[in-house]
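Everything on this sheet refers to the single structure shown next.
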Amino acid sequence: MTTLNPGIALANDTESNDPVLTPIADHAERLAAAEAGVAALAATRNDRWYPRFHIASDGGWINDPNGLCHYNGRWHVFYQLHPYGTQWGPMHWGHVSSPDMVHWRREPIAFAPSLEQERHGVFSGSAVIGDDGRPRIYYTGHRWANGKDNTGGDWQVQMLAEPDDDELTSFTKLGMIIDCPTDEVDHHFRDPKVWKTAGTWYMTFGVSSKDKRGQMWLYTSPDMVHWTFDRVLFEHPDPDVFMLECPDFFPITDANGNEKWVIGFSAMGAKPRGFMNRNLNNAGYMIGTWKPGESFKPETEFRLWDWGHNFYAPQSFATDGRQIMYGWMSPFVSPISMEEDGWCGNLTLPREITLGADGDLHTAPVKEVEGLRLSTVELGSMHVEPNQDVTILDDAQSTEIEMTIDLNATNAERAGLRVHATPDDHGTTIVYDAQTGRVVIDRQNVAHGDRGYRAAPLSEEELANGTLTLRVFIDRGCVEVYVNGGRQAMSSYSFSGEGPRAVQLIAESGAMQVSGLTVHELDSIGL
Ligand code: FRU
């Protein structure tokens, strides 16, 4: 039995392995208080950078996407929420839903801490549809081991909840289903993902082993409720990596019918190396193979899902033959300018993960995102003279740009766009950098917040191809860039200065030839 907190018996009943339910508060009261907390922050919100077409909370802090699913004709996105402040704090689950992944509505907050095992937070988790056609929610219950803060480490266990209605507006918690073997674990033990293969339910989650290695553990269950440890599914080869947050695991098939398995995780501890791992922690994947009764066998190195400044803790789910992923645009480097504004953090657009003919994963916005387009202007081809800025939009705060650069007819050192370009000469540049052969988001001249640049690679084949396509989404406080149809993606916050936010074509120390340029004005997603 786990006895970190003397006097409280919380371990699974080892005989029956049944869920353990230990209420400490009225859930409905906790949820009502959380709604009031969000409303109070929303009432004073400053909208200068509040997103128009990215999912965010009305007020308060959010992080990881949770519980993603398509159920009963609606898309559901839950997310980690701190309803009482604009910094990370005791975690709840916020919730939005949509009939089409374009128009969203707010749903009641789904979970607040109300059981002993989740006293200090209802942490991340996922949804899966059972054989009876109804979703289950698996998440991590979190407590601080010393009862108050992170100086004594975490005490984390896996939990189960079931919906009370088909709109997923209220849930019944079943309690703890997997206790933490604290002798084998260095505190971190969280973020369950569940799926079924060949008649057996599987769960994996992230673990820091007792010798501080980042691992994913695998459990099995015949009934989604009673779980047994199977094996370590994967251990990260890098000894610096001490925890794999928000692990993901799914099969994917390429156009020729070849199936692979993909593990995704958010690695804590990896050191920066050249252009890689520049963020505080970094989310990526490996492609390989897996069969029941085995560990995962990687066939690739670790690759980033996204090369921007702000991408973390993505989660994917399978539906209608598609694998769809949302990420969190993590802002974890100070100053986090939006924290002053009554809200903090948004998710990325939904991306479809595909396995390309090049053997790598591609992520492009799901086709539904085109439904956001309100109007479209074709600007055609344009030549930009060396060091000349050409303003194409006077004020773009909810805009998608599709742009093709003719690399053979471009000799600029850096060629592309300046967005959020305000009259005070601030802005963020999104450019092809000929010296490195990479696509760069450069925030050295941004008006507020963290600076620095990030650089996504292009393959030899993409460079030899002679054209580069960029699909750039410009929201009020962030940008997303998709390179060559999703071969690479980049997500970064970009906190503009005062006044209209122009978009300019730029060509530094040489000319740029744009062979295609289309501008779409985008609708709000309704949140
Ligand atoms: C990742 C993460 C998860 C955890 C959650 C807590 O950002 O640390 O591992 O469940 O956030 O909010």
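Indexing begins at 1, ligand by ligand and atom by atom, following the structure's order.
Atom CG of Leu527 sits about 11.5 Å away from atom CZ of Arg105, to the nearest 0.5 Å.
Taking the ring centre of Trp305 as origin, the terminal cationic atom of Arg351 falls outside the region bounded by 6.0 Å and 45° from the ring axis. Taking the ring centre of Trp155 as origin, the terminal cationic atom of Arg143 falls inside the region bounded by 6.0 Å and 45° from the ring axis. With Phe275 as the aromatic partner, Arg454 does not meet the cation-pi criteria of under 6.0 angstrom to the ring centre and within 45 degrees of the ring axis. Tyr50 does not carry Arg476 over the face of its six-membered ring by the limits of under 6.0 Å from the centre and within 45° of the normal.
Between Glu368 and Arg322 there is a salt bridge, since a side-chain N of the basic residue sits under 4.0 Å from a carboxylate O of the acidic one.
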Between ligand 1 and the protein, find all N/O pairs closer than 3.5 Å and give the distance for each.
unit_1, atom_1, unit_2, atom_2, d
ligand 1, 7 (O), Asp64, OD1, 2.8
ligand 1, 7 (O), Asp64, OD2, 3.4
ligand 1, 8 (O), Glu245, OE2, 2.5
ligand 1, 9 (O), Arg190, NE, 2.6
ligand 1, 9 (O), Asp191, OD2, 2.6
ligand 1, 9 (O), Glu245, OE2, 2.8
ligand 1, 10 (O), Ser124, N, 3.1
ligand 1, 10 (O), Asp191, OD1, 2.6
ligand 1, 11 (O), Asn63, ND2, 3.2
ligand 1, 11 (O), Asp64, OD2, 3.0
ligand 1, 12 (O), Asn63, ND2, 3.0
ligand 1, 12 (O), Gln80, OE1, 2.7
ligand 1, 12 (O), Trp88, NE1, 3.0

